[in-house]
Amino acid sequence: MSVIEPGMVDTELPDHVTDPDASALMAGLLHDIECLRSTDIAETVAFIPSLPRHVNISELTILPTAQPV
């Protein structure tokens with residue numbers, strides 16, 4: 001099993017966040033940095049099963065290069 005933890009992805013998620021602080025943070029990131037695209041995440045998901053059976057990626061964090069950690 002692999003866990004993929006994406007950073008800021010340009011999706012409709014910020015439109016559904018009800019916490020004002022989290023919403024403001026997301027809006028700022030969307031404005032200030034080049035966020036990940038859904039295709040970036042899809043390519044990562046497709047990559048994992050292409051690995052040999054003896055390779056296990058248990059956890060993967062994928063962030064935009066400009067997103068603070």
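Quick note: numbers below take in every heavy atom, side chains included, and nothing from hydrogens, waters or symmetry partners.
Of the residues listed (Val45, Thr44, Leu51), the one engaging Phe47 in a side chain to side chain contact (heavy atoms under 4.5 Å, CB included) is Leu51, and it is the only one. Test Ile62, Thr11, Asp10, Thr65 against Leu36 for side chain to side chain contact (heavy atoms under 4.5 Å, CB included) and you get one pass: Ile62.
In this structure, Asn56 and Met1 approach most closely via the heavy-atom pair OD1-O, 3.9 Å. Across every non-hydrogen atom of Val9 and Arg37, the tightest pair is CG1-C, 4.0 Å. Heavy atoms only, all atoms of each residue included: Val17 and Ala22 are closest at CG1-CB, 3.8 Å.
Note on Ile41: it does not cluster hydrophobically with Val3, by side-chain heavy-atom contacts below 4.5 Å among ILVMFWY residues.
No side-chain donor-acceptor contact under 3.5 Å links Ser23 to the backbone of Pro20.
Between the CD1 atom of Ile48 and the CD1 atom of Ile4 there is a distance of 3.5 Å, given to the nearest 0.5 Å. Note that OG of Ser50 and CD of Glu43 are 11.5 Å apart. Values are rounded to the nearest 0.5 Å.
Annotation: Gln67, atom CD; neighbour count of heavy atoms from other residues, nucleotides and ligands within 6.0 Å is above 12. Sparse packing is recorded around NE2 of His31, with 12 or fewer heavy atoms of other residues, nucleotides or ligands lying under 6.0 Å away.
Residues Met26 and Cys35 fail the side-chain proximity criterion, which asks for heavy atoms closer than 4.5 Å.
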